[in-house]
Amino acid sequence: MVLLSLGVLLLLAGMSPVFSEAAANNTFRPGEELRSYRRVRAHLRRLNKPAVKTIQSPDGDTIDCVLSHLQPAFDHPRLKGMKPLDPPERPKGHRADAATQNSFQLWRVSGESCPGGTVPIRRTKEEDILRASSVKRFGRKLAVRSRHDSETGGHEHAVGYVVGDQYYGAKASLNVWAPKVTNPSEFSLSQVWVISGSFGTDLNTIEAGWQVSPQLYGDSSPRFFTYWTTDAYQATGCYNLLCSGFIQTNNMIAIGAAISPTSTYDGGQFDISLLVWKDPNHGNWWLELGSGELVGYWPSFLFSHLSEHASMVQFGGEIVNTQPQGLHTATQMGSGHYAREGFGRASYFRNLQVVDWDNSLIPVANLRVLADRPSCYDVQGGINSVWGNYFYYGGPGRNDDRCT
């Protein structure tokens, strides 16, 4: 029996990076490593639901078509046995922008899609979890304050925001880039934040946009993502469908999958439109991508403050600066170029709107712009008849001229 157990452990050591790394460091502890391996496998079973169809993406992702009522959200005790809700009424003033093409994600380029009644879910691999600091923290942001005017925990922002009213949603269009992320534990993202609560332990946020995150995804591709928290990123919430929370209703969009094409410097610009709004009838927060592509919703019971309304809406970019070798990171934000370079070169948010108490989309009023570290990443706002309220933002991070 002892010999058999030892053989099993040696087999596991050959299969899993958890074991091989421990052996290389001469810290191999059979009982502890086996428990760690079992936790990883159990988490994979919770996340990866049975698929009725599987699609291989050119970038190596596996997309599983999972029956809608079996997606991870319905593991939540308050959702067990339920099914996704029907779409709500759109906000008044919602108009048809240029529709986001159905194949804006790499997994769709072959023409394959998930059948009706299912949702496409990016399959989580063992190595995805092993890149995280722990199974518990996989798919979650670090528990740091995210205040719009505070650079904390190495997080730096260049944003536009509105505050001082009651907000029931937000809409914007933003162009997509593939910024360079120089450290695997850093990320670069561009997103919309819908925020309520204090910037302490009760912060509620709903977030959606695109990000480059080597630690989360294992590559440098920009990916469509969502996030939520109800306790300032401490114990609740997660990215995408990596916990019970967001309920997906769309069978054509995979949250966490790579976006293609992307914008190019002095070339074509590819942007996406995002709308987040609170259904006035049921109180859930819905997400729309492009024009009419409902992605799904966050149930209102997930939140404390956001169960009523938001107190702030924020648009813009965020990076993590781990200060490698004691210097500022060279991780790029947005296009990797400063706001002053303008259209075709800098990243932008345009046609900024909020949803008011009457479920009406209206232009943002009194937009403020702020950059935590303007020598590294800056922001410039404006308004015109075509783009309404807009701003350019971003930057290269560490460089010899301004950011050191």
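Throughout, numbering of the chain's residues begins at 1 and tracks the sequence. Keep in mind that the numbers below use all heavy atoms, side chains included, and drop hydrogens, waters and symmetry copies.
- Remark: Lys141 is positioned above the aromatic ring of Tyr227, its terminal NZ or CZ atom under 6.0 angstrom from the ring centre and at most 45 degrees off the axis.
- Between Asp64 and Lys49 there is no salt bridge, since no side-chain nitrogen of the basic residue lies less than 4.0 Å from a carboxylate oxygen of the acidic one.
- A side-chain donor-acceptor contact under 3.5 Å links Asn399 to the backbone of Gly397.
- Contact annotation: the side chain of Asp266 approaches that of Arg345 to within less than 4.5 Å [non-hydrogen atoms, C-beta and beyond].
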Open item on the list: Determine whether Asn321 and Thr331 satisfy the following criterion, side chain to side chain contact (heavy atoms under 4.5 Å, CB included), listing intermediate values before the conclusion.
Closed with: CA-CA 8 Å; Asn321 173 25; Thr331 284; over 6 Å; no
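- A salt bridge between Lys278 and Glu308 is absent, with no side-chain N of the basic residue lying under 4.0 Å from a carboxylate O of the acidic one.
- No hydrogens or angles considered: nothing links the side chains of Gln71 and Gln248 as a donor-acceptor pair under 3.5 Å.
- Note that CD of Glu207 is 9.0 Å distant from CD of Gln314, once rounded to the nearest 0.5 Å.
- With rounding to the nearest 0.5 angstrom, the OG1 atom of Thr124 is 14.0 Å from the CZ atom of Arg45.
- Looking at Tyr217 and Asp59, their side chains never bring a donor and an acceptor atom within 3.5 Å of each other.
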Pair Thr236-Asp231, side-chain hydrogen bond (donor to acceptor under 3.5 Å, both in side chains): steps then yes or no: CA-CA 6 Å; Thr236 64; Asp231 63 356; 2.8 Å; yes
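- Side chain of Ser244 to backbone of Pro72: a donor-acceptor contact under 3.5 angstrom is found.
- Note that CD1 of Ile129 is 15.5 Å distant from NZ of Lys136, once rounded to the nearest 0.5 Å.
- Atom CZ of Arg38 has 12 or fewer heavy atoms from other residues, nucleotides or ligands within 6.0 Å.
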- Test log, rule salt bridge (Lys or Arg N to Asp or Glu O under 4.0 Å), inputs Asp271 and Arg350: CA-CA 10 Å; Asp271 69 15; Arg350 62 178 176 85; 2.9 Å; yes
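- Taking OG1 from Thr249 and CG from Leu287, the interatomic distance works out to 9.0 Å, rounded to the nearest 0.5 Å.
- In this structure, Trp210 has its ring center at least 6.0 angstrom away from the ring center of Phe224.
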As a quick check of understanding, evaluate side chain to side chain contact (heavy atoms under 4.5 Å, CB included) for Leu203 and Tyr233, giving each step before the final call.
CA-CA 8 Å; Leu203 182 71; Tyr233 308 101; 4.1 Å; yes
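- Residue Gln323 places its CD atom among more than 12 non-hydrogen atoms of other residues, nucleotides or ligands, all under 6.0 Å distant.
- At a threshold of 4.5 Å between non-hydrogen side-chain atoms, the residues Val159 and Phe315 do not count as touching.
- Contact annotation: the side chain of Trp228 never approaches that of Leu306 to less than 4.5 Å [non-hydrogen atoms, C-beta and beyond].
- Met252 is listed as a side-chain neighbour of Ser113, based on a closest heavy-atom distance under 4.5 Å.
- Side chain of Asn240 to main chain of Thr226: a donor-acceptor pair is present (N/O by atom type, distance under 3.5 Å, no hydrogens or angles).
- Proximity of a side-chain donor or acceptor of Gln353 to a complementary backbone N or O of Ala172 within less than 3.5 Å is not detected.
- Taking the salt bridge (charged side-chain N to carboxylate O under 4.0 Å, His left out) definition, one finds that Lys92 meets it with Asp358, sequence neighbours left out.
- Looking only at side-chain heavy atoms (C-beta outward), Asn359 and Tyr168 stay at 4.5 Å or farther from each other.
- Using a distance-only test at 3.5 Å, with no hydrogens or angles considered, no donor-acceptor pair links the side chain of Asn251 to the main chain of Val119.
- Looking at Ser213, its side chain never comes within 3.5 Å of a backbone N or O of Phe187 through a donor-acceptor pair.
- A 6.0 Å sphere centred on CG of Asn384 holds more than 12 heavy atoms belonging to other residues, nucleotides or ligands.
- A cation-pi contact, defined as under 6.0 Å to the ring centre and within 45° of the axis, is absent between Arg223 and Tyr239.
- Checked by atom type, the side-chain pair Glu186/Thr322 shows a donor-acceptor distance below 3.5 Å.
- Judged purely by distance below 3.5 Å, without hydrogens or angles, the side chains of Ser110 and Glu112 never pair a donor atom with an acceptor atom.
- Atoms CD1 and CG, from Ile255 and Leu241 in turn, are 4.5 Å apart once rounded to the nearest 0.5 Å.
- Under the 3.5 Å distance criterion, with hydrogens and angles disregarded, a donor-acceptor pair is assigned to the side chains of Ser304 and Asn204.
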**Request:** Under the side chain to side chain contact (heavy atoms under 4.5 Å, CB included) rule, what do Met82 and Phe74 come out as? Steps first, then yes or no, please.
**Result:** CA-CA 7 Å; Met82 300 179 68; Phe74 292 104; 4.0 Å; yes
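- A salt bridge links Asp128 with Arg122; the closest basic N to acidic carboxylate O contact falls under 4.0 Å.
- In this structure, the side chain of Thr205 does not engage the main chain of Val194 through any donor-acceptor pair within 3.5 Å.
- Listed for the Ser134 side chain is a donor-acceptor partner under 3.5 Å among the backbone atoms of Arg137.
- Between Phe303 and Ile206 the shortest side-chain heavy-atom distance falls below 4.5 Å.
- Checked options Thr62, Asp61, Ile63, Leu47; the residue passing with Arg123 is Thr62 (criterion: side chain to side chain contact (heavy atoms under 4.5 Å, CB included)).
- Contact check for Leu367 versus Tyr161: no side-chain heavy atoms found under the 4.5 Å cut-off.
- Around the NZ atom of Lys53, the shell of radius 6.0 Å holds more than 12 heavy atoms that belong to other residues, nucleotides or ligands.
- For the ring pair (Phe, Tyr, Trp, His ring centres under 6.0 Å) with Tyr377, the qualifying choice from His157, His155, His328, His337 is His328, the only one to do so.
- Here the CZ atom belonging to Arg140 is positioned 11.0 Å from the CD atom belonging to Gln234, to the nearest 0.5 angstrom.
- Distance alone, capped at 3.5 Å, places no donor-acceptor pair between the Asn351 side chain and the Ser173 backbone.
- In this structure, Arg78 satisfies the cation-pi test against Phe301, with its NZ or CZ atom closer than 6.0 Å to the six-membered ring centre and inside 45 degrees of the ring normal.
- Using a cut-off of 4.0 Å between Lys/Arg side-chain N and Asp/Glu carboxylate O, Arg90 and Asp279 are scored as not salt-bridged.
- For the ring pair (Phe, Tyr, Trp, His ring centres under 6.0 Å) criterion with Tyr348, the lone passing option out of Tyr390, Trp387, Phe270 is Trp387.
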Q. Run the side chain to side chain contact (heavy atoms under 4.5 Å, CB included) check on Phe104 and Leu289 step by step: do they pass?
A. CA-CA 11 Å; Phe104 83 106; Leu289 178 67; 3.2 Å; yes
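- Asp378 and Ala339 get closest at one heavy-atom pair: OD1-N, 2.8 Å.
- For Phe349 and Tyr393, the distance between ring centers is under 6.0 angstrom.
- At least one donor-acceptor pair closer than 3.5 Å links the side chain of Asn389 to the backbone N or O of Val364.
- Side chains of Leu174 and Gln191 form no contact here, defined as non-hydrogen atoms less than 4.5 Å apart.
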*asked:* Between Thr329 and Thr182, does the side-chain hydrogen bond (donor to acceptor under 3.5 Å, both in side chains) criterion hold? Intermediate values first, please.
replied: CA-CA 7 Å; Thr329 182; Thr182 58; 3.2 Å; yes
